[in-house]
Protein chains: 2
Amino acid sequence: MASEFPSPLLDRLSFLLGKLYFRGLDAETDELSALNLGVKQHAALGVLTREDPMTQQELGHRMGIDRTTIVAVVDDLDEQGLVERRRSPADRRAYLLTVTPSGRDAEERGRHRVAEAEDRLLGALDEPDRTRLRELLVRALGGG
Amino acid sequence: MASEFPSPLLDRLSFLLGKLYFRGLDAETDELSALNLGVKQHAALGVLTREDPMTQQELGHRMGIDRTTIVAVVDDLDEQGLVERRRSPADRRAYLLTVTPSGRDAEERGRHRVAEAEDRLLGALDEPDRTRLRELLVRALGGG
DNA sequence: TATTGTTATACTCTATAACTATA
DNA sequence: TATAGTTATAGAGTATAACAATA
């Protein structure tokens, strides 16, 4: 119940957002660990599945992650054969990342698991309210 | 605009929550730095203002923070004269924390600044939608 | 000179282990 | 023995600086 939290904190938007965020992150981490995927790894697969080929820096930029941080994420996916690094013909410094068939498979299975985790996270809300919450978050982000 | 984010990430609840959370945290940090207050320090003042006296462990428990982490927070508030540590007569191992008058003052000034930061964070939403968002977050947290 | 990917390094945040003084 | 507060330490996460290859 919400009453477990002190009311001065419940008034604080960042407290509410943070609590739900970390709770959701933990749930997703658990779900995806069964597929040997980190949350960042799966998110990267999701971006690449829709928008590959793409360089590492583009991927990092899309995800709001530094280029030095994306290296380990792509290393992971590469080692598992979920993405391929190919040298860009146009710029041989850069890699072009593409998702492999098994990468697409892993992305989809992970997506279903993440959806389950989110359903549990929002278990207290009915379907219209879940949609409303998502919509409000997207709108809040878009305007800031 | 929301379109700056890849749609696979916008589908992801933890991405939305995290983006807004960290954006809000940065804004609060900026606002409170003018008062020489960290976000955790101000949140602690808020809890103590309503519920002191309280031991450090109780404070940490209320905030979801480890007892080893709360030490530095209280050190900070203590050094600035915003809270007082007094030995509990009932258990001389424990401190009883109380907010000083200047601590109450700092809490209130910080609260107004945090409210301004939150208003800017939700600038894209009208007043009813801001209330709706808070209410949905509280309900989501309460049921999980 | 500037940029991509990479590595080494530093910094922040938080938790675990071990200490002290009490209980 | 157990617990409140404290400190030292280690771990995760991320960013800055510097390097090699390429532009």
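Each chain gets a letter, A, B and so on, in the order its sequence line appears, and its residues count up from 1.
- Relative to the ring axis of A:Tyr95, A:Arg87 places its NZ or CZ within 45° and under 6.0 Å from the centre.
- Across the protein-nucleic acid pair, B:Arg67 atom CZ and D:dT3 atom P stand 10 Å apart, rounded to whole Å.
- For A:Arg92, the CZ atom counts as loosely surrounded, since its 6.0 Å shell holds 12 or fewer non-hydrogen atoms of other residues, nucleotides or ligands.
- Atom CZ of A:Arg87 is separated from atom C1' of C:dT3 by 13 Å (rounded to the nearest Å).
- The stretch residues 36-58 of chain B touches DNA chain C through B:Lys40, each having a heavy atom within less than 4.0 Å of the strand.
- If you take CZ of B:Phe22 and P of C:dT12, they are 16 Å apart, rounded to a whole angstrom.
- Rounded to a whole Å, the CZ atom of A:Arg93 is 17 Å from the P atom of C:dT1.
- Residues A:Arg109 and A:His42 have side chains not in contact (no heavy-atom distance under 4.5 Å, counting atoms from C-beta outward).
- At a threshold of 4.5 Å between non-hydrogen side-chain atoms, the residues A:Leu45 and A:Leu82 count as touching.
- Between B:Asp75 and B:Val71 the shortest side-chain heavy-atom distance falls below 4.5 Å.
- Distances from the side chain of B:Asp91 to the nucleotides D:dA15, C:dA15, C:dA23 place C:dA23 closest.
- Between the P atom of D:dA12 and the CG atom of A:Leu25 lies a distance of 15 Å, rounded to the nearest Å.
- Taking atom CG of B:Asp76 as the reference point, atom P of C:dC13 lies 12 Å away to the nearest angstrom.
- Atom CZ of B:Arg92 and atom C1' of C:dA21 are 10 Å apart (whole Å).
- Counting heavy atoms from C-beta outward, B:Ser14 and A:Val114 have side chains that stay 4.5 Å or more apart.
- Checking the phosphate oxygens (OP1, OP2) of C:dT16, no side-chain nitrogen or oxygen of B:Thr68 falls inside 4.0 Å.
- DNA chain D is contacted by both A:Ala90 and A:Asp66; A:Asp66 maps to the nucleotide lying nearer its 5′ end (nearest heavy atom per residue).
- At whole-Å resolution of the value, OH in B:Tyr95 and P in C:dA23 are 13 Å apart.
- A:Glu107 is not listed as a side-chain neighbour of A:Val99, based on a closest heavy-atom distance of 4.5 Å or more.
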